[in-house]
Every structure is written in structure tokens, then in C-alpha cells.
Amino acid sequence: MTKPSLPQGTRDFGPDVVRKRNFILSTIKNVFELFGFQPLETPAMENLETLMGKYGDEGDKLIFKILNNGLDNPGKEKQIRDDFEKVLQGKNTKGITERALKYDLTIPFARYVAMNHSQLTFPFKRYQIQPVWRADRPQKGRYREFYQCDADIVGSNSLLNEVELASIYAHVFDQLGINIIIKINSRRILAALAEICGEPGKLTDITIAIDKLDKIGIDKVKDELSQRGLNNDQVAIIEKYLSLTSMKEPLTVYDLLSKAKNIFGNNELAKKGFEEIEFVLDRVQKGTFAKLSADFTLARGLNYYTGMIFEVTATDVKIGSIGGGGRYDDLTGLFGVPNIPGVGISFGVDRIYDVMEELNLFPPDVHIGTQVLFFNLGEKESNVAFGLVQQLRQRNIRCELYHENVKFDKQFKYAEKKNIPYVVIVGSNELEQSTCTIKNLLQGSQQTILQKELINYDF
RNA sequence: GUGGUCAUAGCUCAGCUGGUUAGAGCAUCAGAUUGUGGUUCUGAGGGUCGUGGGUUCGAGCCCCAUUGGCCACCCCA
């Protein structure tokens, strides 16, 4: 017998952890529903070709591929060896693998929309909370299996959608008790930046470099920009642009906007980007309690974003972003269905968990499963207790009868370990008098009442 | 994919420059009390020192490989 172990980068979630995770997930889910979103689930696996080529060369390498069945068939051995040769040469992999574990929720969603667009009512708002898999090397906050939690609106260009999504962030984090800032920017402004640098083709290079600003600082970003082929003048323009947000004196968002606009002059793309930001800022500021701010250094690595982009950070904990998203044109174009734009957001469930843990934000009763434990103190006694258990369950009170007649202290310890707040004791004394004793383990108090009153007891 | 670092009981760790039969705390289980737990006391179980090779009279300790954890880079959530 070898010791059992988990595959690299995966985790078990024990009862306590699941309870806390469910608290987060159900909060998010309820808000999604509140905003009119519908649930969607897609399979753990997709056809390999659905996934390949959608995440870039790096991404392709990180897709978990599933070995075909029947590879052990002796009659096919020659064929399979030839197929494997092809795989080694990077050609066709069909003989060995045709399916893969999903890598994110967006592409399977796009596939779903492409397959069902004729039956969907647009704008289609869906949310999806499922695990995804990446063959990445694990490290802090990075796993090979992790949950994504996405909400997208497809089939509409209205900026109202962005406003809704920002409001969802505000609602969820308000309910969870996490203070946040929602940072927004527009890819159009970044594209305009590339234009005024005279390098519209280098948009991706510029965004990748800018995206690292928080992490590596302005000097290294400048280095990276030069390495990616921008000359000193161009780097200077970008530096000026980036310096907007880092200004010392507290600016209002609107001051910031007007300063930013100066850099771009009459550039059409930039104008559109600023309009977007102003629209969303205006609506959200008016309607909710959200702390929304424009951050021109926000870039986000994913290069399928084309319009507004979002990122959420917790203000009280030093941790990366706990949510992000953006607008993309033509989600389903890759699957042959053009002209379906969309905008979506995502919650970083694991990080949100860490933030809640650090700030002690989980409500104390998340751990309470069973509310009442009935002690088992003998045959006749437990029979009565069994009847009472049934009654309480009718009232929807979670309760259980200890499984055997053992010492008090064992039964107490069981209650303590399972975080059961109430214990009901029916022993020989109670049996005689048709009473039962209710003990509150949290307060240490207890009282004895008639058995027939138990059904109305306020636990 | 690249690099660093670590791996000893269920958990957290000790274990000196290689030297008898590998330790502690916590946890677990059992006993003491037996209608009120978290205290105390007593006792017990549990480790082929991640795995496989090598050096040595002798390896938990040194060397090589391998697997896994953690961390950083790449990339990303």
C-alpha cells in the first residue's frame, strides 16, 4: 500500500471550507439571480479542437488533454505508435487525444452560444460557476483545478450592461462585507495610445507591459516597452500617460479625465473610450454605493477585450485583484457565428475566500450544520428521543440522535466537534416526568421543559 | 517551461561535524469519575525518516536520480 495523495495542484475541501466557500458562492449566485442572470453549466471536457488555439501558444500547452480510450487494444498497436510519432512532431493528435478538460468558462460559453444562438433570447445573461483545469505549475494562489465564477451578457452593445455588472460587484462585496474599489478603463483608450505612438499593431505588447506596472514599477515597464520594440519617444508618451494616475495630489475622477483627454487630442478612439468611462461612472455613482474609479494604468492581459475593462481590488488586504472582466466584440466568431458582442465579469473565489478569512468576515454560524443533538442514554430513553427528533425535523430543524449509548463526555465531545449549539437530554429522570433538558452549549445554560413543548422551543 | 527551497508519527516540529533500540508537544484511543463536556491523572497505539540507487564498518544526516509540497520567473485566475 502506497500512501494516498492528491494530484499536483489539486485540493480537497473539508466540511468547514466547503461551508465557507458555499457562503461566498451562494451570495454571488443570489445577486446574479437578482439581476436577472440565468445559470449555465457545461461539461468538464470539451473537444480538443474547441479549445486549441483560443488561448495563445502558452495557453495551448496548459490544456489538460484526455487520453483516448482503446489505446491498449493490441490490434491497433501499430496504428497508435504511428499516431504517437505524429503527436511528437506536433502534427495531428487525434489518434491519441480528442478531448480536453475545460480551461476556462468563456470559450465553452462561446461554444454554447454559437450552437444555440437561434433559440436564445438576446441579450442572453448567464452565470456559470464551475471548476476549470490548467496544467500550470502550482504556486501561491494558483492551482491546477480551481473554480471560476463568471457572469456575461451577450448580444448587446449597450453600456447599461457595463453599469449592471459594476453594480453586481458592488452588491456582492457589500453583502460579503469586503471594501473594494472597482477600477475601470477602456481598451479603446489603450488602442488610441498605441495609435498616437504610431504603433497600432503593438497594442498587445503595450498592454502586456502596462499590465505589469503594479508589480514591477514604471522603470521596468519602460525597459519592457523598449524590449518590445518601442523607441524612446514612444516610451515617453506612454510614461506621460501612465503618470496620470500616480499623481500625488488627490484629483477627482473628472479632473483626471480632462487631463487624460489632453494627451489624446482629437483621437476618435480615445474619445469613444472616454465617453464609455464617463457614462459608466455617471450611472454607477448615481445609483449605488460603489467606489468606482477610472484607472488608466489598468490594462488586463487578456487580449480579446476590446471595450471597457474592469478590475476589483480589496482595499483592506494586500492581495491582487479579486475580480475582473471586460467587453469583447464577437465572442462567437471563432465558432462561425459572427456579430455577437458581449461583456462579462469574473469573481476570484479563492482570493475572496482568503480576504474573508484574513478579515474574519465569515459569519460565526457558517459552521453550524446540525442544530440539535439528542443524547442517547439507553434503549427506552433513545426511543423517546427518536420520536422527538422526528418532530423537530418536521419543523425543519436540523437534528440528530447520537448513534449509541455511551458516556456523556463522549456525546458532549461529538457535539462540540460538530459545532452543534444545542443538546437535548432525555435520561431516566426526564423519562419519568415526560420532560427533556435543553442545554445551550455556547452559553452553558440549560433548562428543563415538557417533551410536548419541545416542538415549540425556539432554537 | 526555467530557477530556488524543503520532505522525520495524523498535525507542528527537534534530531549536534555520519555512531547503539529515532524524540517532544498537540491529536487519537483506552482506563480513573459513571446524569452534565472543554480540567486533571495513568496508560496505549502509531514512523521501512517521500521513493529508488550510491558512498561508508555504519546514513534521518553525505552524493545522484525521481516524486511531491512551497516560493519566484514566464504566463495567468
Side-chain angles (χ1 to χ4, degrees), chain A residues 1-11 14 54-63 102-106 129-150 204 207-209 211-212 215-216 220 224 227 299-305 310-313 319-326 344-354 373 375-378 381 402 405-433 435-448:
Chain A
M1 271 295 273
T2 49
K3 277 190 187 174
S5 62
L6 283 170
Q8 190 180 30
T10 65
R11 302 162 284 173
K54 309 299 193 297
Y55 308 105
D57 291 343
E58 289 291 327
D60 282 356
K61 286 185 206 155
L62 300 180
I63 293 172
K102 66 169 170 254
Y103 181 88
D104 70 357
L105 301 180
T106 306
I129 303 173
Q130 290 191 276
V132 301
W133 294 268
R134 295 186 188 178
D136 207 352
R137 191 178 280 199
Q139 58 175 278
K140 192 174 188 71
R142 282 171 78 170
Y143 303 94
R144 291 185 145 187
E145 178 187 71
F146 62 98
Y147 277 75
Q148 286 197 333
C149 177
D150 287 13
T204 305
T207 52
I208 288 174
D211 195 39
K212 295 180 182 170
K215 228 176 183 177
I216 62 177
K220 294 214 169 143
E224 175 135 3
Q227 272 172 34
R300 297 196 60 78
L302 294 175
N303 51 25
Y304 56 74
Y305 289 132
F310 300 93
E311 200 159 285
V312 180
T313 43
I319 196 168
S321 67
I322 54 177
I345 56 170
S346 173
F347 287 83
V349 177
D350 289 298
R351 280 189 182 172
I352 292 172
Y353 183 97
D354 290 343
L373 177 71
F375 273 21
N376 184 330
L377 298 167
E381 291 86 343
Y402 197 80
N405 178 9
V406 293
K407 291 185 297 188
F408 260 67
D409 102 324
K410 257 199 121 163
Q411 304 198 37
F412 267 122
K413 276 183 180 159
Y414 179 81
E416 190 190 340
K417 278 191 186 154
K418 278 190 77 174
N419 284 303
I420 300 172
Y422 290 97
V423 153
V424 172
I425 299 167
V426 180
S428 51
N429 295 350
E430 286 86 356
L431 196 62
E432 266 176 39
Q433 296 160 20
T435 57
C436 58
T437 298
I438 302 164
K439 176 156 181 158
N440 181 330
L441 295 190
L442 302 174
Q443 295 166 6
S445 60
Q446 68 178 55
Q447 57 175 304
T448 302

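Small disclaimer: the values here were computed from a predicted structure and weren't measured. Proteins come first, then strands; the chains are lettered A, B, ... in the order of their sequence lines, and each starts at number 1.
- Rounded to whole Å, the separation between the P atoms of rU39(B) and rA27(B) comes to 7 Å.
- Annotation: rU33(B) and rU40(B) have their C1' atoms spaced 11 Å apart (nearest Å).
- Side-chain contact, Asp350(A) with Tyr143(A): no donor N or O sits under 3.5 Å from an acceptor N or O.
- Stacking annotation: Phe412(A) is not stacked on the base of rG38(B) (requires ring centroids less than 5.5 angstrom apart and an interplanar angle below 30 degrees).
- Comparing Ile425(A) and Gly323(A) by the nucleotide of RNA chain B whose heavy atom lies nearest to each, the residue mapping closer to the 5' end is Ile425(A).
- Proximity of a side-chain donor or acceptor of Arg144(A) to a complementary backbone N or O of Asp136(A) within less than 3.5 Å is detected.
- The residue Glu145(A) sits apart from the nucleic acid: no heavy atom pair falls under 4.0 Å.
- For the C1' atoms, the distance linking rC41(B) with rC57(B) amounts to 47 Å, nearest Å.
- If you measure from atom CD of Gln130(A) to atom P of rA77(B), you get 17 Å, rounded to the nearest angstrom.
- Relative to the side chain of Asn429(A), the nucleotides rU28(B), rG35(B), rC74(B) differ in distance, and rG35(B) lies closest.
- You'll find that the side chain of Phe408(A) is closest to rG35(B), out of rG37(B), rG35(B), rA77(B).
- Closest approach to the Arg137(A) side chain among rC75(B), rG37(B), rC71(B) is made by rC71(B) (side chain taken as heavy atoms from C-beta onward).
- Between the Gln411(A) side chain and the Asn376(A) main chain, a donor and an acceptor come within less than 3.5 Å of each other.
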Intra- and inter-strand pairing of RNA chain B, written as dot-bracket with Watson-Crick and G-U pairs under 3.5 Å and | for the latter, reads (((((((..((((.....[...)))).(((((.......))))).....(((((..]....))))))))))))....
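- Taking the P atom of each, rG23(B) and rU48(B) are spaced 15 Å apart, rounded to whole Å.
- If you check every strand for non-hydrogen atoms under 4.0 Å, Lys439(A) touches a base.
- To the nearest angstrom, C1' of rC75(B) lies 7 Å from CG of Asp136(A).
- Phosphate contact (OP1/OP2 of rU67(B), side-chain N/O of Gln8(A), threshold under 4.0 Å): absent.
- For Lys140(A) and rC73(B), the shortest distance from a side-chain N or O to OP1 or OP2 is not below 4.0 Å.
- Out of rG35(B), rG37(B), rA77(B), the shortest distance to the side chain of Ser428(A) is found at rG35(B).
- Residue contacts for Gly325(A): at a heavy-atom cut-off of 4.0 Å it reaches no nucleic acid atom on any strand shown.
- Distance check on atom P: rC16(B) versus rC76(B) gives 46 Å, rounded to whole Å.
- Across the P atoms, rC62(B) and rU17(B) are found 10 Å apart, a figure rounded to whole Å.
- For Glu430(A) and Thr448(A), the side-chain atoms include no donor-acceptor pair closer than 3.5 Å.
- Projected onto RNA chain B by closest heavy-atom contact, Glu416(A) and Arg144(A) fall at different nucleotides, the more 5' of which corresponds to Glu416(A).
- Across rA59(B) and rG54(B), the matching P atoms stand 12 Å from one another, rounded to whole Å.
- Of the candidates rC70(B), rA77(B), rG38(B), the closest approach to any side-chain atom of Lys413(A) belongs to rG38(B).
- Checked against rA77(B), rC71(B), rU36(B), the side chain of Gln446(A) finds its nearest nucleotide in rU36(B).
- The interatomic distance linking Gln139(A) (CD) with rU2(B) (C1') rounds to 12 Å, in whole Å.
- rU12(B) and rG47(B) have their C1' atoms separated by 16 Å, given to the nearest Å.
- Among the heavy atoms of the strands lying under 4.0 Å from Gly141(A) is at least one base atom, whether or not backbone atoms are also near.
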